[in-house]
Engineer: 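Got a structure here, written out as structure tokens. Questions coming.
The chain is numbered in sequence order, starting from 1. This one's a predicted model, so the numbers in the text were calculated from it and none came from an experiment.
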Amino acid sequence: RAKDAGRGVVRRYLPEMHREAEERRQLETELRSALKNGELTLAYQPIIASHTQKIEGFEALLRWTHPALGEVPPDKFVPIAEEAGLITSIGEWVIRSACAEAVNWPDNIRLAINLSPLQFANPNLTTVILSSLSKNGLSPTRLEVEITEGVFLAENAYTLATLHQLEAIGVRIALDDFGTGYSSLGYLRKANFSKIKIDRSFVRGAAQNSDESVAIIRAIVAMAGSLGMETTAEGAETEEEYESVRDLGCGQVQGFFFSHPMSAAQANALVSEPEGEPNVVRRNFG
Ligand code: C2E
Ligand code: MG
Ligand code: MG
Ligand code: MG
């Protein structure tokens, strides 16, 4: 009887699993040509100083405009790119394109890019970053790379060496999505992090007066402060969320309340305003 039930399960789920695998394979094939077809772009989301509300930087976020499906979210295609071995070339394109774009911004505006754990399997990662910076005359101190604990879960012979090289040339390192996953504090000793990005689930909780979220943000902010790291609260969507994280001591905030990710041209226009104009981001720009 157990066998029958088992077979029933298989019969019910197989077509669904098959369809998903098919879809994935299809996307993988199309992703292989997306780069040369110009279907990939970068969107830029402002990172705001909590107290002054001035733009301190932009995070580059990958976008894939599929010819038939339209926008495919990165949470969907980045894992496919990783499995298909495409993330190294796509990741290099991200580094080069974002650096080329950031040259147009004022010197005090930083660029943040996301690095996949798998990019650390490439012993040339530091070289790629350095050459993109120097080609565009961009100071390494203006670049921040965002990594998740996934980098340490997938740690290989090059991982720590690469992080230390990046540190040594002045590139800043941020720990992204902090508070999700394992978030072992041991990871904080693996590199000289400049910043912790607090996951948006806590930001949501803080505005809803969740004692746990408030306590966790407080603890992260205190720890970051004593280790000389900055904090950025991710995903603030409302004024309440912004004010909560500002009042809890998060130095920077990022989220739809201030701005959705925008095109390179929009980002450029936003920071290229005439001298004297207050460099304050317009709410819900883009
Ligand atoms: P992430 O690095 O944590 O990026 C923040 C994500 O939160 C972005 O989603 C952003 O659009 C979204 N977000 C910003 N403000 C708000 C808000 O107020 N509310 C909500 N609900 N969401 C907000 P996006 O662009 O879809 O990217 C998702 C993830 O995909 C990123 O998470 C990152 O892990 C990955 N990703 C994006 N671009 C790249 C890339 O160039 N390379 C790699 N390896 N991964 C990337
Ligand atoms: Mg990020
Ligand atoms: Mg994040
Ligand atoms: Mg994320």
Side-chain angles (χ1 to χ4, degrees), residues 40-65 70-75 78 94 97-115 138 142-146 148 172 174-179 194-208 217 230-286:
L40 298 183
T41 53
L42 290 172
Y44 294 87
Q45 187 180 35
I47 301 172
I48 309 288
S50 299
H51 281 284
T52 60
Q53 300 192 12
K54 285 186 180 171
I55 301 175
E56 297 194 318
F58 288 98
E59 178 177 1
L61 295 160
L62 253 178
R63 295 292 176 259
W64 179 17
T65 311
E71 293 292 321
V72 184
D75 283 333
V78 168
V94 169
S97 311
C99 287
E101 221 83 75
V103 191
N104 302 312
W105 309 339
D107 288 346
N108 60 337
I109 305 291
R110 289 210 167 95
L111 165 68
I113 56 172
N114 293 283
L115 294 180
L138 214 62
R142 284 181 63 192
L143 180 67
E144 189 159 72
V145 295
E146 299 192 1
T148 62
R172 297 155 52 88
L175 191 53
D176 206 352
D177 301 343
F178 193 76
S194 309
K195 181 187 283 188
I196 293 178
K197 298 191 79 171
I198 302 173
D199 190 72
R200 66 169 172 262
S201 51
F202 302 105
V203 176
R204 208 69 74 243
Q208 291 161 357
I217 294 179
E230 297 180 331
T231 48
T232 303
E234 298 193 85
E237 292 182 357
T238 64
E239 185 155 31
E240 290 70 42
E241 289 173 357
Y242 155 59
E243 287 174 350
S244 304
V245 296
R246 179 198 60 197
D247 296 346
L248 286 168
C250 297
Q252 290 180 326
V253 60
Q254 202 179 342
F256 297 165
F257 174 62
F258 286 102
S259 174
H260 282 256
M262 61 183 80
S263 71
Q266 286 174 314
N268 205 6
L270 198 58
V271 289
S272 307
E273 286 175 354
E275 289 287 324
E277 283 278 319
N279 181 17
V280 175
V281 70
R282 284 178 216 111
R283 302 237 152 95
N284 303 317
F285 188 102

Engineer: Measuring from atom CD1 of Ile196 to atom CG of Asp176, what distance do you get when rounded to the nearest 0.5 angstrom?
Structural biologist: 11.5 Å

Engineer: At their closest point, which heavy atom of Glu59 faces which heavy atom of Ile47, and how far apart are they?
Structural biologist: N-CD1, 4.0 Å

Engineer: On a heavy-atom basis, which atom in Arg63 and which in Pro261 lie closest, and how many Å separate them?
Structural biologist: NH2-CG, 3.6 Å

Engineer: Over 60° means perpendicular and under 30° means parallel, so classify the ring planes of Phe257 and Tyr242, tilted if in between.
Structural biologist: parallel

Engineer: Please walk me through it: do Phe256 and Gln45 pass side-chain contact (heavy atoms from CB on, under 4.5 Å)?
Structural biologist: CA-CA 9 Å; Phe256 297 165; Gln45 187 180 35; 4.0 Å; yes

Engineer: Give a yes or no on whether the backbone of Ala174 and the side-chain of Ser194 come within a donor-acceptor separation of less than 3.5 Å.
Structural biologist: no

Engineer: Say you draw a straight line from OG1 of Thr232 to CD of Glu56; how long is it, rounded to the nearest 0.5 Å?
Structural biologist: 8.5 Å

Engineer: Report yes if the side chains of Glu234 and Phe178 come closer than 4.5 Å at any heavy-atom pair, otherwise no.
Structural biologist: no

Engineer: Which atom pair, heavy atoms only, marks the closest approach of Cys250 to Ile217?
Structural biologist: SG-CG2, 3.9 Å

Engineer: From Phe258 CZ over to Glu237 CD, what is the distance, rounded to the nearest 0.5 angstrom?
Structural biologist: 13.0 Å

Engineer: Could you work out, with side-chain contact (heavy atoms from CB on, under 4.5 Å) as the rule, every residue matching Glu230, not counting sequence neighbours?
Structural biologist: Arg172, Lys195, Gln252

Engineer: Spell out, as yes or no, whether a donor-acceptor pair under 3.5 Å connects the side chain of Arg204 to the backbone of Gly235.
Structural biologist: yes

Engineer: Show, in sequence, the C-alpha distance, side-chain angles and deciding distance for Leu62 and Leu42, and conclude whether the side-chain contact (heavy atoms from CB on, under 4.5 Å) test is met.
Structural biologist: CA-CA 5 Å; Leu62 253 178; Leu42 290 172; 4.2 Å; yes

Engineer: Which atoms form the tightest heavy-atom contact between Pro46 and Met262, and what is the distance?
Structural biologist: CG-CE, 3.7 Å

Engineer: Is a side-chain N or O of Gln53 found less than 3.5 angstrom from the main chain of Ile48, in a donor-acceptor match?
Structural biologist: no

Engineer: CD of Glu241 to CZ of Phe202: how many Å apart, nearest 0.5 Å?
Structural biologist: 14.0 Å

Engineer: Can you name the closest pair of heavy atoms from Ala264 and Glu101 and give their distance?
Structural biologist: CB-CD, 3.3 Å

Engineer: Just one of Asn104, Leu270, Ile55 clears the side chain to side chain contact (heavy atoms under 4.5 Å, CB included) bar with Ile109, so which one?
Structural biologist: Ile55

Engineer: To the nearest 0.5 angstrom, please state how far the CG atom of Leu111 sits from the CZ atom of Arg142.
Structural biologist: 8.0 Å

Engineer: Is the shortest heavy-atom distance from the side chain of Leu143 to the side chain of Leu138 under 4.5 Å?
Structural biologist: no

Engineer: Checking side chain to side chain contact (heavy atoms under 4.5 Å, CB included) between Val203 and each of Val253, Leu248, Val245, which is the one that passes?
Structural biologist: Val245

Engineer: In Å, rounded to the nearest 0.5 Å, how long is the span from OG1 of Thr148 to NZ of Lys197?
Structural biologist: 12.0 Å

Engineer: Closest heavy-atom contact between Tyr44 and Ala60?
Structural biologist: CE2-CB, 3.8 Å

